[in-house]
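Side chains are part of it too, since the values below use all heavy atoms of this structure and drop only hydrogens, waters and symmetry mates.
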Amino acid sequence: ALSAQAWAPGGMPEASSRMALARHFLAALRGDTPPKASPDYVSTLFDRYAATYEKQMLGELSYALPTAVMDELGSNLGPSQIRRVADLGAGTGLLGPPLRRLAPGASIEGVDLS
């Protein structure tokens, strides 16, 4: 569920975002939950969460995926073996700086839905 804290940085979302949230919550209340959330809902949710995402994930929840990925890559590949990287679901880009340190000459592209 979208918390008030996720809305805090920019206040209430604009009309189109509010509609995406309303459609998602209405479907959930009816028990008509789709197999996945709509891209509009996900985008709105994470756009609002981005301002506090890193603090919560790294500090409060001890999110360790970037470290685990880097440990695995570093122990299996050398810098010269990494030429291009696609970070799909990049979010706020937590993996970018460690990737750059591991492979300074690589082309790194990050994309995210929100």
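Linking Ile, Leu, Val, Met, Phe, Trp and Tyr residues whenever their side-chain heavy atoms come within less than 4.5 Å leaves L88 and V85 in two separate clusters.
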Between L73 and L99, is the side chain to side chain contact (heavy atoms under 4.5 Å, CB included) condition met? List the steps. CA-CA 9 Å; L73 286 174; L99 275 170; 3.8 Å; yes
Passes side chain to side chain contact (heavy atoms under 4.5 Å, CB included), M57 versus L65? Steps please. CA-CA 10 Å; M57 292 301 287; L65 185 63; over 6 Å; no
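In this structure the side chain of E72 never reaches within 4.5 angstrom of the side chain of L77, judged on heavy atoms. Looking at R101 and P98, their side chains come closer than 4.5 Å, going by heavy atoms from C-beta outward. In this structure, the side chains of V111 and D87 stay at 4.5 Å or more apart for every pair of heavy atoms.
Between G110 and A90 the shortest heavy-atom distance is CA-CB, 3.9 Å. Looking at every heavy atom in both residues, L58 comes nearest to Y63 through CD2-O, 3.7 Å. Closest heavy-atom contact between T92 and E54: OG1-OE2, 2.8 Å. The two residues Q81 and N76 have their closest heavy-atom pair at OE1-O, 4.1 Å. Nearest heavy atom pair, residue R84 against residue A106, reads N-CB, 4.5 Å. The two residues G89 and D112 have their closest heavy-atom pair at C-OD2, 3.1 Å.
Put simply, the side chain of T44 gets close to the backbone of D40: a donor and an acceptor are under 3.5 Å apart.
For the atom pair CG of L61 and NZ of K55, the computed distance is 11.5 Å after rounding to the nearest 0.5 Å. Separating the OG atom in S75 from the CE atom in M70 is a distance of 10.5 Å, to the nearest 0.5 Å. Remark: F25 CZ to Y41 OH distance equals 4.5 Å, nearest 0.5 Å.
Evaluation of the side-chain contact (heavy atoms from CB on, under 4.5 Å) rule for L26 yields R30 as partners, not counting sequence neighbours.
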